Amino acid sequence: MEQFLQQLNISQREAVLYNDGPSLVIAGAGSGKTRVLTYKIAWLLKNGIAPYSILALTFTNKAAREMKDRIAQMVGETTARYLWMGTFHSIFSRILRREAEKFGYRSDFTIYDSQDSKNLIKAIIKEKSLDDNTYKPSIVQARISRAKNALIMPEMYARDRELIADDRYHKRDRICEIYSAYWQRCRTSGVMDFDDLLLYTYMLFKDNTDIVERYRNQFRFVLVDEYQDTNPVQHEIVKQLAEEHHRVCVVGDDAQSIYSFRGATIGNILNFQKTYPESKLFKLEQNYRSTKTIVNAANSLIEKNKEQIPKVVFSEKETGEKIKLINAYSDYEEGYNVAARIAEMRMLRQYEYKDFAILYRTNAQSRIFEEALRKINIPYRIYGGLSFYQRKEVKDVIAYMRLVTNPNDEEALKRIINYPARGIGNTTLGKIISVADTHRISLWEAISSPLDYNLNVNSGTAKKLEGFKGLIESFIAANSTHNAYELGGEIIRQTGMFNELHNDRTPEGLSRVQNVEELINSLNEFVSTRIEEGREDVKTGDFLSEISLMTDRDTDKDENASMVTMMTIHSAKGLEFKNIFVVGMEEDLFPSEMCKGNPKEIEEERRLFYVAITRAEENVVLTYAKSRFRNGQWQMFTPSRFLKDIHPDYIHTSWKKTYKKTSYSEPEILPNPQKLLRIEEEKTYHPVVRQTIGNLSVGIIIRHERFGRGRILELTGENENAKATVEFESFGRKQLLLKFAKFEVVDG
DNA sequence: GGCCGGGGCATTTTT
DNA sequence: TGCCCCGGCC
């Protein structure tokens with residue numbers, strides 16, 4: 001136990017050990033924030049606190065998973081698995097499913113992603129014959145989302161003077177009406193959008209004393225990561241849960257709050273001590289990531305912000321090199337400079353490609369760097385863009401699965417009612433929507449009983465609708481006998497999607513086939529993992545509730561591949577690289593033009609710059625161009641005001657260093673990076689032998705079909721229930737049900 | 001129902 | 001400039 005605490009510095013240890021009341025842990029960049037959280041949880045567990053009485057909330061699945069894995073290593077998988085650890089959205093959707101009937105939902109409600117929400121909003125705007133230029137779906141969506149995050153229901157919106165006045169000022173005074181219709185439609189469809197998952201949780205707790213009491217009693221400790229990014233609902237829910245015992249620990253860094261545009265309120269962390277007057281404040285100020293120069297430069301920058309919790313981040317690492325500033329005449333040249341610099345640093349100082357990241361303010365900037373890197377054969381990887389689950393063909397299959405789980409799901413139904421084409425066009429769909437709207441029923445109900453609701457279509461169309469209905473019903477029936485993987489296969493075959501996709505021989509068509517195959521594979525993996533863990537029925541609904549809250553970032557595997565990383569600064573938060581290039585350091589680009597004249601937003605941009613710099617361990621290179629081609633025309637730019645915010649002592653300006661083109665070999669075009677990404681690990685085939693407990697003993701090495709090499713730590717149970725606890729080299733500790741587990745013995 | 005072309009437009013996006 | 005969305009046409 002003592003040794004365990006030795007691994008922490010004094011302030012980390014104090015933060016870990018204080019658990020009697022509310023605490024605020026202000027964790028400077030690179031100061032071991034996650035470490036404090038994991039050790040705190042491990043400490044509680046080692047002191048006999050039951051895992052299910054600890055609630056730990058994060059913002060990404062990845063963060064939750066990584067933390068859980070680390071805790072599992074410290075206290076064992078069997079304990080860690082019962083922790084309530086996950087994203088706000090996944091934890092609360094779990095609670096909402098349990099309590100669904102309390103607020104008029106079914107426990108198998110489906111979830112709209114942002115695109116679904118936007119589509120529905122767009123549809124409502126159209127149905128109301130509003131001009132979609134004044135009522136831009138994205139703006140309306142943002143406004144509704146903002147309202148939900150601020151606990152404002154439609155009827156409250158209508159009474160809110162400020163909101164109404166603001167909408168009127170922008171000539172959008174019917175937003176409130178759209179909001180109300182959107183709310184109603186989601187309810188009729190039995191779906192929730194991301195914001196609903198939080199809002200309904202809040203209402204559930206507010207309106208049902210017995211329920212909130214139950215969870216308050218269960219969650220004796222509440223921990224929240226990245227508190228600077230919470231919005232008002234999240235803040236309120238945490239308050240509801242910690243109401244009685246006040247054992248709440250929030251961790252974050254106000255200097256890294258960069259999501260206010262999505263409704264995050266930095267005030268939550270700034271005012272935490274007012275919310276909980278008896279709270280203790282812990283500051284983690286030692287940065288273990290970066291050189292002194294980088295930390296000092298970042299400090300000198302963030303000093304320029306007014307609103308912040310005072311702290312002095314310091315580094316005990318070497319001084320390191322100054323930050324480099326490179327200018328260029330054009331964006332094209334900027335790209336060239338960066339590529340050349342990377343090549344040079346790699347050659348001269350033995351860096352690998354994966355030690356570099358290029359960070360930019362907007363995704364549009366990536367192209368020029370892609371080209372530049374490609375020309376001199378530097379492998380790269382771009383984050384951002386369309387995620388796997390957002391691809392059309394993947395969403396189509398998932399839409400069927402959603403409809404099976406919840407036939408009332410409007411957006412899922414609209415998506416596939418005529419895909420693959422079955423002669424149900426927009427006219428028919430329009431009629432269905434209008435009938436459904438007048439009777440306040442779902443589209444599915446309108447289709448199911450066309451006569452009851454006077455759905456006025458000709459007999460041919462009626463037949464087609466019946467056929468569609470029959471198809472979905474057959475899937476629903478199959479869902480009770482088939483697992484998620486089997487049903488997935490049924491869906492792509494029975495609908496004709498399989499054939500349709502395979503007939504398309506174009507490269508795009510092939511990639512669509514691949515994507516659908518990947519989805520089916522992941523279904524297979526999902527099902528078999530759970531069966532191995534001893535679960536019996538693994539249904540489509542289980543799969544959906546997991547993946548609807550997942551993003552691409554959770555899927556990617558090949559983190560070892562040595563490539564230069566390119567991404568927006570926003571998506572770089574939480575990551576670290578040896579060398580960071582922050583590019584496009586120009587006024588109107590960074591800080592963004594949109595922030596002009598708004599000091600609060602400029603401060604947020606400055607925090608964004610702070611995040612960018614503090615990603616670096618060893619070197620920071622800042623670049624800017626005097627002109628760039630943007631929005632179809634050449635524009636002149638001046639250097640960003642943020643460059644002057646860094647104390648000049650920490651910057652070395654290397655004006656216009658010219659790299660001779662001849663010093664690099666002739667451009668050989670690299671394969672398309674998308675392809676590079678797709679190259680899968682070479683799969684070696686291992687004969688799969690079903691094992692019984694008799695063949696195994698503690699200590700032997702096995703190779704599992706998916707988890708790879710691992711050592712058996714424990715064997716329990718007999719026959720049908722025989723289980724092995726295995727410590728895998730790259731997947732950590734797992735429990736396998738021998739009846740299903742696929743592995744071979746490597747070393748007896 | 002699918003394809004083509006014109007017009008409008010153009011931050012950031014953990015779920 | 002390039003992408004996306006919509007509407008018109010076959």
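Every chain is numbered from 1 and lettered A, B, ... according to where its sequence line falls, protein lines coming before strand lines. Small disclaimer: the values here were computed from a predicted structure and weren't measured. Excluded from the calculations below are hydrogen atoms, water molecules and symmetry mates; all remaining heavy atoms, backbone and side chain alike, are included.
With rounding to whole Å, D193(A) atom CG is found 15 Å from dT15(B) atom P. If you take CG of D229(A) and C1' of dT12(B), they are 12 Å apart, rounded to a whole angstrom. Atom-to-atom, CD1 of I139(A) to C1' of dA10(B) comes out at 13 Å; the value is rounded to the nearest Å. The separation between Q256(A) atom CD and dT14(B) atom P is 16 Å, rounded to whole Å.
Aromatic pair Y259(A)/F261(A): centroids less than 6.0 angstrom apart. Separation of the Y360(A) and F590(A) ring centroids does not fall under the 6.0 Å cut-off. Under the 6.0 Å cut-off for aromatic ring centres, W183(A) and Y200(A) qualify, their centroids lying closer than that.
Atom C1' of dC5(C) sits at a distance of 23 Å from the matching atom of dT12(B), rounded to the whole Å. Comparing the same atom, C1', in dC3(C) and in dT14(B) gives a spacing of 26 Å after rounding to whole Å. Nucleotides dT13(B) and dC4(C), compared at atom P, are 15 Å apart to the nearest Å.
We find the CD-CD1 distance between Q141(A) and I121(A) to be 5.0 Å, quoted to the nearest 0.5 Å.
Evaluation of atom-type donor-acceptor distances gives no pair under 3.5 Å for the side chain of R361(A) against the base of dT11(B).
Taking the O4'-C1'-N9-C4 or O4'-C1'-N1-C2 dihedral as appropriate, dT11(B) has a value within 90° of 0 and is therefore syn.
Distances shorter than 4.0 Å separate none of the side-chain N or O atoms of N149(A) from OP1 or OP2 on dT15(B). Phosphate contact (OP1/OP2 of dT14(B), side-chain N/O of T58(A), threshold under 4.0 Å): absent. Between N363(A) and dT12(B) there is a side-chain N or O to OP1 or OP2 distance below 4.0 Å.
When the nucleotides dT13(B), dT15(B), dC9(B) are ranked by their closest atom to the side chain of S571(A), dT13(B) comes out on top. Taking the side chain of K136(A) as heavy atoms from C-beta on, and the options dT13(B), dC9(B), dT15(B), the nearest nucleotide is dC9(B).
If you check every strand for non-hydrogen atoms under 4.0 Å, F88(A) touches nothing. Within 4.0 Å (heavy atoms only), D113(A) reaches no atom of the nucleic acid at all. N133(A) comes within 4.0 angstrom of the backbone, heavy atoms only, and of no base. Here G384(A) lies out of heavy-atom contact (under 4.0 Å) with every strand.
Scanning residues 591-606 of chain A for heavy-atom distances under 4.0 Å to DNA chain B yields S592(A), M594(A), C595(A), E605(A).
Ring geometry for H502(A) against F498(A) counts as tilted: the plane angle lies between 30° and 60°, on a 0 to 90° scale. Ring geometry, Y215(A) versus F205(A): the interplanar angle falls from 30° to 60°, so the pair is classed tilted.
In summary, the side chains of Y182(A) and S117(A) do present a donor paired with an acceptor at a separation below 3.5 Å, with no hydrogens or angles considered.
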Can you check side-chain hydrogen bond (donor to acceptor under 3.5 Å, both in side chains) on E604(A) and S260(A), steps first, answer last?
CA-CA 8 Å; E604(A) 176 146 325; S260(A) 80; 2.7 Å; yes

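In summary, R143(A) and D166(A) engage in a salt bridge, as defined by a charged side-chain N under 4.0 Å from a carboxylate O.
For the pair F261(A) and dT12(B), the ring geometry qualifies as stacking, because the centroid separation is below 5.5 Å while the planes lie within an angle under 30°.
If you run side chain to side chain contact (heavy atoms under 4.5 Å, CB included) between V564(A) and each of F577(A), Y380(A), F581(A), only Y380(A) comes through.
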Report, as a single string ordered 5' to 3', how protein heavy atoms within less than 4.0 Å touch nucleotides 1-10 of chain C: B base, S sugar-phosphate only, - not at all.
BS---S----

